[in-house]
Participant: 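One structure is given below, represented as structure tokens, and several questions about it will come after.
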Amino acid sequence: MVRQKRSDSSPGPLVFLGPPGAGKGTQAREIVKQLGVPHISTGDMFRENAERKTPLGLKAKATMDSGGLVGDDVVNEMVQERISRDDCGRGFLLDGYPRTLAQAEALKGILKQKGSGAPVVIHLRLGYNTVVERLSGRRICPVCNRIYNLSLQPPAQPGICDADGASLQQRPDDREAAIRERLSAYETQTAPLIAFYRNEGRFYEVDADQAPGRITGAIHRILNAS
Ligand code: AMP
């Protein structure tokens, strides 16, 4: 169990940073179970909106499928609304946000307004070739959103979700052209956040090229100590 050090035993805001495919979603699911705070994945929010064909989803879909980034204003507004809800009072885990310096600055303002301190930022570090290998092998359950990997974490029965028997799917943006675009967006727009958060102080790194359970253990150790 994760021990929380804050006197009010609130985990506060957490941010998972790292390239697509580093395991942010997989790790976030584990960690929020332990902390009892909401998992806020901007990618999942956009995918749910696209599925329901809401104006926001329709606006974001083409950008997402090509591997580009949705505009900062749209994302910032969506996140601000989400973290203003009551369930975020004790803290929340942001997965896939912020992704640009403008978003990091916006988050700083939102947290200040909310009266929260600076987030604990954990960078899941993974090299380029491993990222490509992971993304092309990734499969997702459309029903429960569980994430598999054909080589690292395959389902018991090929193509079928262990939890609910649904047929696993490949995300449209996990195909080769979109992977290249996403990595280029990461390098140019998101990687600069590493220096930004290193300067802010509560920044930690974890080697993401290890078994998922070991990564979870490393994250727990950081949260226990921070
Ligand atoms: P993810 O599931 O985090 O890989 O996100 C999937 C896609 O959603 C990204 O490739 C972007 O098109 C969009 N997206 C998610 N989060 C953000 C964000 N913070 N800023 C801009 N676009 C985002």
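Computed from a prediction, not measured in an experiment: that's the story for all the values here. Hydrogens, waters and symmetry mates are skipped; everything else that's a heavy atom, side chains included, is used. Along the sequence shown, residues are numbered consecutively beginning with 1. Order of listing sets the numbers, starting from 1, for every ligand and every atom in it.
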Participant: Report the member of Gly43, Gly68, Gly71, Ala178 with the shortest heavy-atom distance to atom 12 (O) of ligand 1.
Facilitator: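 Selected option, by shortest heavy-atom distance: Gly68.
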Participant: May I ask you to list the atoms of ligand 1 that are less than 4.0 angstrom from any heavy atom of Arg182?
Facilitator: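 Near Arg182, meaning under 4.0 Å from one of its heavy atoms, ligand 1 has 4 (O).
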Participant: Between Arg171 and ligand 1, which part of the residue brings a heavy atom under 4.0 Å of the ligand: side chain, backbone, both or neither?
Facilitator: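 Within the 4.0 Å criterion, Arg171 contacts ligand 1 through side-chain atoms alone.
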Participant: Write out the residue and atom name of the closest protein heavy atom to atom 22 (N) of ligand 1, then the distance separating them to 0.1 Å.
Facilitator: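 The protein heavy atom lying closest is Val70 N, 3.0 Å.
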Participant: So if I apply the side-chain contact (heavy atoms from CB on, under 4.5 Å) rule between Ile40 and each of Asp95, Leu14, Val32, Ile83, which one comes out positive?
Facilitator: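 Single pass found, and it is Ile83.
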Participant: Whether the side chain of Arg138 engages the backbone of Tyr148 through a donor-acceptor N/O pair (distance < 3.5 Å, no angle test) should be reported.
Facilitator: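 Answer holds: no.
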Participant: Side-chain contact test, heavy atoms from C-beta onward, threshold under 4.5 Å: evaluate it for Leu69 versus Arg182 and give yes or no.
Facilitator: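 Leu69 does not reach Arg182 side chain to side chain.
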Participant: Are Gln189 and Arg99 linked by a side-chain donor-acceptor pair shorter than 3.5 Å?
Facilitator: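 No, because no side-chain N or O of Gln189 sits under 3.5 Å from a partner of the opposite role on Arg99.
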Participant: Just by modelled atom types, is the Ala178 backbone N or O under 3.5 Å from a matching donor or acceptor in the Asp173 side chain?
Facilitator: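 Judged by distance alone, no pair lies under 3.5 Å.
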Participant: Among all protein heavy atoms, pick out the one at the shortest distance from atom 16 (N) of ligand 1; state its residue, atom name and that distance to 0.1 Å.
Facilitator: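 The closest one turns out to be Thr42 OG1, 2.7 Å.
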Participant: Does the distance from a Lys or Arg side-chain N to an Asp or Glu carboxylate O, for Arg82 and Asp87, drop under 4.0 Å?
Facilitator: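 Yes, charged N to carboxylate O under 4.0 Å.
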Participant: Whether the side chain of Arg90 engages the backbone of Gly36 through a donor-acceptor N/O pair (distance < 3.5 Å, no angle test) should be reported.
Facilitator: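 Here the side-chain-to-backbone pair exists.
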Participant: For atom 20 (N) of ligand 1, which protein heavy atom lies nearest, and how many Å away is it?
Facilitator: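 Protein heavy atom at minimum distance: Gln103 NE2, 2.9 Å.
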Participant: Quick check: Asp44 and ligand 1, any N/O pair under 3.5 Å apart?
Facilitator: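 The answer is no, given that Asp44 and ligand 1 share no N or O pair closer than 3.5 Å.
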Participant: Is it true that the side chains of Thr216 and Gln27 contain a donor and an acceptor less than 3.5 Å apart?
Facilitator: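 There is such a pair between these side chains.
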Participant: How far is atom 23 (C) of ligand 1 from its nearest protein heavy atom, and which residue and atom is that?
Facilitator: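 Minimum-distance protein heavy atom for atom 23 (C) of ligand 1 reads Phe46 CE1, 3.9 Å.
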Participant: For ligand 1 and Gly96, I'd like to know whether there is a polar contact (N/O to N/O, distance under 3.5 Å).
Facilitator: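 Yes - when backbone and side-chain N and O of Gly96 are compared with those of ligand 1, one distance drops under 3.5 Å.
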Participant: Heavy atoms only: which of Glu181, Met64, Arg47, Met78 lies closest to atom 2 (O) of ligand 1?
Facilitator: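 Nearest heavy atom to atom 2 (O) of ligand 1 lies in Arg47.
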Participant: One residue to check: Leu69. Relative to ligand 1, which of side chain, backbone, both or neither has a non-hydrogen atom less than 4.0 Å away?
Facilitator: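 Both of them.
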Participant: Around atom 15 (C) of ligand 1, find the nearest protein heavy atom and jot down its residue, atom name and distance.
Facilitator: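 Ranked first by proximity to atom 15 (C) of ligand 1 is Arg99 NH1, 3.5 Å.
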Participant: Give yes if a backbone or side-chain nitrogen or oxygen of Asp95 is under 3.5 Å from a nitrogen or oxygen of ligand 1, and no if not.
Facilitator: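 No, there is no polar N/O contact under 3.5 Å.
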Participant: With a cut-off of 6.0 Å (strictly less than), are more than 12 heavy atoms of other residues, nucleotides or ligands near CD of Glu77?
Facilitator: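 No, CD of Glu77 has 12 or fewer neighbouring heavy atoms, counting only those of other groups under 6.0 Å.
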Participant: So is Lys24 touching ligand 1 or not, going by heavy atoms under 4.0 Å?
Facilitator: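 The answer is no: ligand 1 sits nowhere under 4.0 Å from a heavy atom of Lys24.
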